[in-house]
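Take a look at the structure below.
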Protein chains: 2
Amino acid sequence: MNIGEVAKRAGLNSRTIRFYESIGLVSQPDRARSGYRDYAEKDVHQLRFVASARALGFSVEEIRQLLALYDDRARSSSDVKRLVLHHVEEIDRKLQELAAMRRTLMHLAERCHGDQRPECPILDELSLVKRQQ
Amino acid sequence: MNIGEVAKRAGLNSRTIRFYESIGLVSQPDRARSGYRDYAEKDVHQLRFVASARALGFSVEEIRQLLALYDDRARSSSDVKRLVLHHVEEIDRKLQELAAMRRTLMHLAERCHGDQRPECPILDELSLVKRQQ
DNA sequence: ATGGACATTCCAGTAACTGGAAGGTCAAGG
DNA sequence: CCTTGACCTTCCAGTTACTGGAATGTCCAT
């Protein structure tokens with residue numbers, strides 16, 4: 001199977017696949033006589049794994065770890081679970097951060113008439129508010 | 001006032017301040033005889049504005065626009081409000097994205113025993129799941 | 001023959017910093 | 001005066017995950 005077809009099946013871009021190969025994230029496929037990459041089904045599985053994990057927000061390094069666990073018959077599922085739950089914590093952190101931003105912004109927006117006049121509590125507030133830690 | 005003190009008051013790093021100056025985001029301060037940057041109170045205000053806006057997740061370019069509105073006596077507050085609400089929309093999008101990730105991850109984690117055995121539905125799922133659009 | 005898919009290497013851009021190196025001057029305190 | 005830390009500039013490059021472009025081809029199916 002050529003890279004174009006693999007890209008389609010994995011939901012990735014062929015350049016991205018070459019990128020992943022170049023950084024050693026995924027294994028190198030066989031080569032046909034033409035020099036074209038010749039992907040086996042297991043290669044597609046690996047790439048699909050990467051694509052899924054990326055979509056879930058795992059970094060390339062985290063995915064590298066996940067793939068290592070996937071390949072390791074002697075792994076403990078606790079290691080996998082730990083990685084996932086750590087990632088959830090990061091997401092929770094980000095969710096809180098964004099929610100706080102949103103709250104502040106909505107608060108500011110509500111105090112703004114949003115008309116043709118120049119008076120703007122948003123701008124006033126931005127230049128006065130001490131940055132929250 | 002020297003850059004170190006300004007940095008402290010604005011809640012920014014002195015290198016970051018020089019960076020903002022280099023990209024034309026903030027105005028250049030006067031210079032003392034020594035060649036040191038000599039910041040006035042209005043400069044501190046501007047930098048504080050930038051720091052506040054960054055903390056609220058606005059990009060440098062968005063802040064550039066906000067600063068332009070701040071400096072424009074003829075602005076309409078509707079322009080400011082539009083910028084802010086657009087930013088809130090982006091945040092909402094990101095919040096949804098993160099929440100969806102979290103949901104999937106928690107679902108996967110719940111199905112994982114997290115013990116010494118190698119069986120892991122998380123890994124299985126990652127290699128099978130078709131990436132959601 | 002043609003057009004699209006594929007190959008490689010090299011370079012660089014994206015956003016917002018931030019670090020390091022190199023080579024200084026300035027200012028305050030001991 | 002000496003010392004130490006703050007300040008100055010320029011230049012280069014790293015971070016993360018791609019992704020684009022250029023250049024220069026070969027391969028394959030119609």
Side-chain angles (χ1 to χ4, degrees), chain A residues 1-26 28-40 43-44 47 49-67 87 90-91 93-94 97-98 101 131, chain B residues 1-26 28-40 43-44 47 49-67 87 90-91 93-94 97-98 101 131:
Chain A
M1 208 181 332
N2 288 347
I3 193 167
E5 195 180 333
V6 172
K8 203 175 298 175
R9 288 186 53 180
L12 290 168
N13 175 315
S14 53
R15 292 202 71 158
T16 306
I17 293 175
R18 286 192 202 94
F19 169 66
Y20 290 154
E21 190 185 309
S22 75
I23 61 172
L25 185 65
V26 297
Q28 296 183 316
D30 290 337
R31 294 287 181 146
R33 181 185 295 262
S34 58
Y36 286 14
R37 289 171 176 78
D38 186 22
Y39 291 90
D43 298 319
V44 180
L47 285 163
F49 187 106
V50 173
S52 299
R54 282 294 297 125
L56 290 174
F58 287 103
S59 68
V60 167
E61 283 314 308
E62 282 166 333
I63 294 168
R64 201 187 293 275
Q65 288 171 50
L66 284 170
L67 281 171
H87 186 48
E90 284 173 354
I91 288 177
R93 221 175 337 245
K94 191 67 194 176
E97 202 181 312
L98 287 170
M101 284 185 201
R131 203 167 67 98
Chain B
M1 211 181 327
N2 287 349
I3 194 166
E5 196 179 331
V6 172
K8 202 175 301 178
R9 287 186 54 179
L12 290 168
N13 176 316
S14 54
R15 292 203 70 158
T16 306
I17 294 174
R18 288 194 203 92
F19 170 66
Y20 289 156
E21 188 185 309
S22 76
I23 61 172
L25 184 64
V26 297
Q28 295 182 318
D30 291 337
R31 293 288 181 147
R33 180 183 296 260
S34 59
Y36 285 14
R37 289 170 175 77
D38 186 22
Y39 289 88
D43 298 318
V44 180
L47 284 164
F49 186 104
V50 173
S52 298
R54 282 295 297 125
L56 289 174
F58 287 103
S59 68
V60 167
E61 283 313 308
E62 282 167 333
I63 295 169
R64 202 188 293 274
Q65 289 172 47
L66 284 170
L67 281 172
H87 186 48
E90 284 173 354
I91 288 177
R93 220 175 338 243
K94 190 67 193 176
E97 201 182 312
L98 287 170
M101 284 183 198
R131 202 167 68 100

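Below, read A as the first sequence line, B as the second, and so on, with proteins coming before strands; counting in each chain starts at 1. Since this is a predicted model, take the numbers as computed values, not measurements.
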On the side chain of B:Tyr36, is there an atom forming a donor-acceptor pair with the base of C:dC26 - under 3.5 Å, no angle test? yes

Looking only at atom types and distance, does a side-chain atom of B:Asn2 sit under 3.5 Å from a main-chain N or O of B:Gly4, one as donor and one as acceptor? no

When every non-hydrogen atom of A:Met1 is compared with those of A:Val44, the smallest separation belongs to CE-CG2, 3.6 Å

Whole angstrom value for the distance that separates P of C:dA7 from CG of A:Asp30: 13 Å

Would you kindly give the CG-to-P distance between A:Leu25 and D:dT16, to the nearest whole Å? 14 Å

In whole Å, what is the span from the CZ atom of A:Arg37 to the C1' atom of D:dC28? 17 Å

When rounded to whole Å, the CD to P distance for the pair A:Glu62 and D:dA17 reads 9 Å

What does B:Ser14 touch in the nucleic acid at a heavy-atom separation under 4.0 angstrom: a base, only the sugar-phosphate, or nothing? nothing

Looking at A:Glu90 and A:Arg93, is there a salt bridge between them, counting it only when a charged N and a carboxylate O are closer than 4.0 Å? no

A:Arg18 side chain: which of C:dA16, C:dT18, C:dT8 is closest? C:dT8

Atom-to-atom span, CD1 of A:Ile17 to C1' of C:dC6 - whole angstrom: 13 Å

May I ask you to evaluate whether B:Arg33 reaches the phosphate of C:dC26, defined as a side-chain N or O under 4.0 Å from OP1 or OP2? no

Which nucleotide wins on minimum distance to the side chain of A:Ile3, given the candidates C:dA7, D:dC18, D:dC7? C:dA7

Exercise: identify the closest heavy-atom pair between B:Pro29 and B:Asp38: CB-O, 3.7 Å

5'-most contact on DNA chain C: A:Gly4 or B:Ser59, nearest heavy atom basis? A:Gly4

Please work out if A:Arg31 contacts a base, only the sugar-phosphate, or nothing of the nucleic acid, heavy-atom cut-off 4.0 Å. sugar-phosphate

Separation of D:dA6 C1' from B:Asp38 CG (nearest whole Å): 15 Å

Once you round to the nearest 0.5 Å, how far does CD1 of B:Ile63 lie from OH of B:Tyr20? 6.0 Å

Distance in angstrom units between B:Glu5 CD and C:dA27 P, rounded: 15 Å

Base, sugar-phosphate or nothing for A:Tyr20? Non-hydrogen atoms, less than 4.0 Å. sugar-phosphate

Rounded to whole Å, CZ of B:Arg15 lies from P of D:dC11 at a distance of 14 Å

Measuring from the side chain of A:Thr16 (C-beta onward, heavy atoms only), which nucleotide among D:dC18, C:dT18, C:dC17 has the closest atom? D:dC18

Among the nucleotides D:dC27, D:dA17, C:dC17, whichever has the atom closest to the side chain of A:Ser34 is D:dC27

Would you indicate what B:Ile23 reaches in the nucleic acid, counting non-hydrogen atoms under 4.0 angstrom: base, sugar-phosphate, or nothing? nothing

